Amino acid sequence: MTAGNTSDRLIAFVLAFAITTLLWRIYFYRAGLLLPAAIAASAAPAVFSRSASYAHLFMAGGIVLSAVGDEIVITHPIAQANLVWSAVILCGPAIYLAGRARLDYLSFSKVAVSRVIGLLLLVVLSPVVAFLAPILIAVVAVVILTAIAASDTIAWRYRPSEPKPPPPGTPNRRP
């Protein structure tokens, strides 16, 4: 292994670690404290818990796909990428964000705009960046996830949310 190859893999490892850390940060920032309150406010805790479980299933799927993307980035950091690799590297975090957005909707009756924009960017950019090396595609994912995490921090500091019922017609919450 040459020095260039070693440094490329080290940078790829740091990027993969950053993606994983950012996914963790996006989930745990305030959610862990407020999810029990959202369950308690539910008229049907079992129904709410089942819906939340499906959201977590999406997030777990996104994490698994992100792990595959991390393996691609670390193993082939400067290889010629393709559409499949690009989709795996970016759509793992996108699927994760879709599950997290669902959990937000269940808990707060709203979804952070940053999550929606980040999700759309990850999906739309997947075919656009397919010609880049995997390490550069990972940089795109890190930038988008960092923007979402920063937006979460700013939003919570200036507009903290409390669990509240979703709009009328949703049967699993108390009025």
Side-chain angles (χ1 to χ4, degrees), residues 8-39 41 48 51-74 77 81 85-130 132-164 166:
D8 291 339
R9 286 185 181 214
L10 178 62
I11 293 168
F13 175 78
V14 169
L15 288 168
F17 184 79
I19 290 170
T20 302
T21 303
L22 287 163
L23 293 178
W24 173 85
R25 167 65 174 68
I26 289 167
Y27 178 78
F28 280 104
Y29 189 71
R30 305 278 300 173
L33 297 173
L34 297 175
L35 189 56
I39 293 170
F48 180 89
S51 294
S53 295
Y54 291 134
H56 282 90
L57 185 63
F58 264 91
M59 288 185 280
I63 290 169
V64 169
L65 194 56
S66 290
V68 174
D70 290 347
E71 190 274 333
I72 291 168
V73 171
I74 292 168
W85 283 6
S86 176
V88 168
I89 295 166
L90 294 182
C91 290
I95 291 169
Y96 177 87
L97 286 175
R100 185 64 175 94
R102 174 69 178 152
L103 188 62
D104 281 351
Y105 181 76
L106 289 170
S107 300
F108 306 114
S109 303
K110 64 181 179 179
V111 176
V113 175
S114 63
R115 294 192 206 298
V116 174
I117 292 170
L119 170 65
L120 292 174
L121 280 173
L122 288 165
V123 171
V124 169
L125 289 178
S126 182
V128 174
V129 299
L132 296 175
I135 198 167
L136 296 175
I137 298 170
V139 168
V140 170
V142 167
V143 167
I144 292 169
L145 293 172
T146 300
I148 293 167
S151 174
D152 286 352
T153 302
I154 292 166
W156 276 97
R157 295 232 193 267
Y158 295 106
R159 291 177 281 122
S161 294
E162 296 294 329
K164 62 182 174 183

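What you are looking at is a predicted structure, and each value in this text was computed from that prediction instead of being measured.
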* To do: Enter the distance from L65:CG to I95:CD1 here, rounded to the nearest 0.5 Å.
  => 5.0 Å

* Only one of L23, L97, L22 forms a side-chain contact (heavy atoms from CB on, under 4.5 Å) with I148, so which one is it? -> L97

* What are the two closest non-hydrogen atoms of V129 and S86, and how far apart are they? -> CG2-OG, 3.5 Å

* Which pairs count as salt bridge (charged side-chain N to carboxylate O under 4.0 Å, His left out) when at least one residue sits in residues 141-155, sequence neighbours excluded? -> R115-D152

* Supply the atom-to-atom distance I154 CD1 to S114 OG, rounded to the nearest 0.5 angstrom. => 9.5 Å

* **Interatomic spacing from CZ in R25 to OG1 in T153 - rounded to 0.5 Å** => 3.5 Å

* Output the distance between atom CD1 (I26) and atom OG1 (T21), rounded to the nearest 0.5 Å. => 11.0 Å

* To do: Please name the pair of heavy atoms, one in A87 and one in S126, separated by the smallest distance, quoted to 0.1 Å.
  => CA-OG, 3.0 Å

* Rounded to the nearest 0.5 Å, how far apart are CG of L122 and CD1 of I137? -> 12.0 Å

* To do: Kindly compute the distance separating CG (L10) from CD1 (I74), expressed to the nearest 0.5 Å.
  => 10.0 Å

Contacts under 3.5 angstrom, residues 56-64 side chains, donor-acceptor by atom type, not counting sequence neighbours:
from: H56; atom 1: ND1; to: A52; atom 2: O; distance (Å): 2.7
from: H56; atom 1: NE2; to: Y27; atom 2: OH; distance (Å): 2.7

* Would you say P77 and I11 make side-chain contact, with heavy atoms under 4.5 Å? -> no

* Asked: Taking it one step at a time, do L15 and I135 satisfy side chain to side chain contact (heavy atoms under 4.5 Å, CB included)?
  -> CA-CA 8 Å; L15 288 168; I135 198 167; 3.6 Å; yes

* To do: Please determine which of V143, V142, L136, I144 meets the side-chain contact (heavy atoms from CB on, under 4.5 Å) test together with V140.
  => I144

* Structure fact -> Applying side chain to side chain donor-acceptor pair (under 3.5 Å) to T146 and not counting sequence neighbours gives none

* Structure fact -> Residues L119 and A94: closest non-hydrogen pair is CD1-O, 3.0 Å

* To do: May I ask you to decide if the ring planes of F13 and F17 are parallel, tilted or perpendicular, using 30° and 60° as cut-offs?
  => parallel

* To do: Give the minimum heavy-atom separation between V111 and A101, together with the two atoms involved.
  => CG2-O, 3.4 Å

